[in-house]
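Read through the structure below, which is laid out as structure tokens, and then see the notes.
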Amino acid sequence: HMKESNENEDRVGVPSKKSEITMQSSEEKKIALFKSLFRGRNDVYPVRWESKTGKSGYSPTCAYEWNPILCEKPKKKCADCANREFLPLTDQVIHNHLTGKCTIGVYPLLQNDSCWFLAADFDKKAWKDDVIAFLNTCDELHVPAALERSRSGQGGHIWIFFEEALPAELARELGSALMTLTMKRR
């Protein structure tokens, strides 16, 4: 169920036809690639925020955020707001993310408890060694995996993309098994 790797694919398991996306590729092709990999809920998406004190995080995007009539922030949390209305993920939002106008996330758990990918986050002191060990485990088991450096530069994310949506429980079991095998070797 994982994206198969073969001689026509690169090390990270992304088919070579997708690897043909370059800086010169059309905006539509870049957005299509993003959507083919980071598949999650389309009815809502999180956006990154940062406070004046430097605290940061991700929150669901709301049509009424900071609207003086409908939004009760900061007195009331968004989760408790009767007027909360999530915004859907659109190609324009993805374009804005890819061009640096905003930073979005994805809610990978679909409403039927399935998912299209698995992500593992490494951010401890020995993250580089941990990432190498995890990628080696994936490689030995023929599990295509892609590494991304984290925003801070002090960690990494490993992505495993599936050809079809898998039950989230199965995806978690895969991640746990890969982690357990990796830890036994370190």
Side-chain angles (χ1 to χ4, degrees), residues 27 30-128 130-131 134 145-162 164-180 182-183:
E27 177 181 316
K30 292 175 186 175
I31 291 171
L33 173 61
F34 183 91
K35 288 168 65 172
S36 76
L37 294 173
F38 300 100
R39 296 164 90 172
R41 289 183 58 176
N42 291 319
D43 61 321
V44 60
Y45 67 95
V47 68
R48 186 174 189 278
W49 53 265
E50 192 168 324
S51 72
K52 293 175 186 170
T53 62
K55 186 177 175 184
S56 64
Y58 287 83
S59 296
T61 310
C62 178
Y64 304 122
E65 186 174 29
W66 299 115
N67 177 310
I69 297 169
L70 299 171
C71 180
E72 297 181 57
K73 283 171 73 171
K75 296 176 191 168
K76 193 181 265 191
K77 290 187 176 188
C78 294
D80 301 324
C81 180
N83 298 318
R84 185 170 68 170
E85 185 174 319
F86 296 134
L87 293 175
L89 181 62
T90 64
D91 285 359
Q92 184 60 52
V93 170
I94 294 170
H95 167 78
N96 291 347
H97 172 74
L98 294 176
T99 57
K101 293 183 175 107
C102 67
T103 302
I104 63 169
V106 62
Y107 290 118
L109 184 62
L110 303 177
Q111 292 179 328
N112 66 355
D113 291 331
S114 68
C115 60
W116 286 92
F117 63 86
L118 175 67
D121 186 24
F122 297 86
D123 56 10
K124 302 292 182 207
K125 192 172 187 175
W127 74 269
K128 289 179 185 176
D130 294 340
V131 160
F134 191 88
L147 172 62
E148 170 195 36
R149 191 82 175 249
S150 68
R151 168 186 294 277
S152 69
Q154 301 302 310
H157 309 124
I158 294 180
W159 302 89
I160 298 171
F161 300 103
F162 309 131
E164 59 190 58
L166 295 182
E169 183 178 20
L170 184 60
R172 184 175 177 87
E173 287 174 8
L174 170 65
S176 294
L178 290 169
M179 196 65 71
T180 299
T182 301
M183 289 169 43

Donor-acceptor pairs under 3.5 angstrom involving side-chain atoms of residues 57-71: please list them, not counting sequence neighbours.
{"unit_1": "Ser59", "atom_1": "OG", "unit_2": "Trp49", "atom_2": "NE1", "d": "2.9"}
{"unit_1": "Thr61", "atom_1": "OG1", "unit_2": "Tyr45", "atom_2": "O", "d": "3.0"}
{"unit_1": "Tyr64", "atom_1": "OH", "unit_2": "Glu85", "atom_2": "OE1", "d": "3.2"}
{"unit_1": "Glu65", "atom_1": "OE2", "unit_2": "Lys73", "atom_2": "NZ", "d": "2.5"}
{"unit_1": "Asn67", "atom_1": "OD1", "unit_2": "Ile69", "atom_2": "N", "d": "2.8"}
{"unit_1": "Asn67", "atom_1": "OD1", "unit_2": "Leu70", "atom_2": "N", "d": "3.1"}

Which donor-acceptor pairs under 3.5 Å do side chains of residues 145-158 form with protein atoms, sequence neighbours excluded?
{"unit_1": "Glu148", "atom_1": "OE1", "unit_2": "His157", "atom_2": "ND1", "d": "3.1"}
{"unit_1": "Glu148", "atom_1": "OE1", "unit_2": "Trp159", "atom_2": "NE1", "d": "3.0"}
{"unit_1": "Arg149", "atom_1": "NE", "unit_2": "Gly153", "atom_2": "O", "d": "3.0"}
{"unit_1": "Arg149", "atom_1": "NH2", "unit_2": "Gly153", "atom_2": "O", "d": "3.0"}
{"unit_1": "Ser150", "atom_1": "OG", "unit_2": "Ser152", "atom_2": "OG", "d": "3.3"}
{"unit_1": "Ser150", "atom_1": "OG", "unit_2": "Gly155", "atom_2": "N", "d": "3.2"}
{"unit_1": "Ser150", "atom_1": "OG", "unit_2": "Gly155", "atom_2": "O", "d": "3.2"}
{"unit_1": "Arg151", "atom_1": "NH2", "unit_2": "Thr103", "atom_2": "OG1", "d": "3.2"}
{"unit_1": "Ser152", "atom_1": "OG", "unit_2": "Gln154", "atom_2": "N", "d": "3.0"}
{"unit_1": "His157", "atom_1": "NE2", "unit_2": "Asp121", "atom_2": "OD1", "d": "3.3"}

- Query: Going through the distances and angles, do Leu178 and Phe134 end up as a side-chain contact (heavy atoms from CB on, under 4.5 Å)?
  - Reply: CA-CA 7 Å; Leu178 290 169; Phe134 191 88; 3.7 Å; yes
- Message: Go through it in stages, so that I can follow the logic: the residues are His97 and Phe34, the test is side-chain contact (heavy atoms from CB on, under 4.5 Å), and I'd like the CA-CA distance, side-chain angles, deciding distance and then a yes or no.
- Response: CA-CA 10 Å; His97 172 74; Phe34 183 91; 3.8 Å; yes
- Message: Quick one, Val44 with Leu89, criterion side-chain contact (heavy atoms from CB on, under 4.5 Å). Give me CA distance, side-chain angles, the key distance, then yes/no.
- Response: CA-CA 6 Å; Val44 60; Leu89 181 62; over 6 Å; no
- Query: Can you find a heavy atom in the side chain of Asp80 that is under 4.5 Å from one in the side chain of Lys77?
  - Reply: yes
- Task: Might you work through the side-chain contact (heavy atoms from CB on, under 4.5 Å) test for Trp127 and Asp123, ending with a clear yes or no?
- Result: CA-CA 5 Å; Trp127 74 269; Asp123 56 10; 5.6 Å; no
- Message: Rounded at 0.5 Å granularity, tell me how far CG in Leu37 sits from CZ in Phe162.
- Response: 12.5 Å
- Just wondering, more than 12 heavy atoms not from Met179 lying within 6.0 Å of its CE? yes
With a cut-off of 3.5 Å and sequence neighbours excluded, list every side-chain donor-acceptor pair involving residues 106-116.
{"unit_1": "Asn112", "atom_1": "OD1", "unit_2": "Ser114", "atom_2": "N", "d": "3.2"}
{"unit_1": "Asn112", "atom_1": "OD1", "unit_2": "Ser114", "atom_2": "OG", "d": "2.5"}

- Check whether any side-chain heavy atom of Asn96 lies under 4.5 Å from a side-chain heavy atom of Cys102, and answer yes or no. yes
- By salt bridge (charged side-chain N to carboxylate O under 4.0 Å, His left out), Asp91 pairs with (sequence neighbours left out) Lys35
- Whether over 12 other heavy atoms sit under 6.0 Å from Lys101 NZ: yes
- Task: Please list all pairs passing the salt bridge (Lys or Arg N to Asp or Glu O under 4.0 Å) test where one or both residues lie in residues 40-57, with sequence neighbours left out.
- Result: Arg41-Asp43, Arg48-Glu50
- Item | side chain to side chain donor-acceptor pair (under 3.5 Å) against Thr180, all qualifying residues, sequence neighbours excluded | none
- Is the side chain of Ser176 donor-acceptor paired with the backbone N or O of Glu173 at a distance under 3.5 Å, no angle test? no
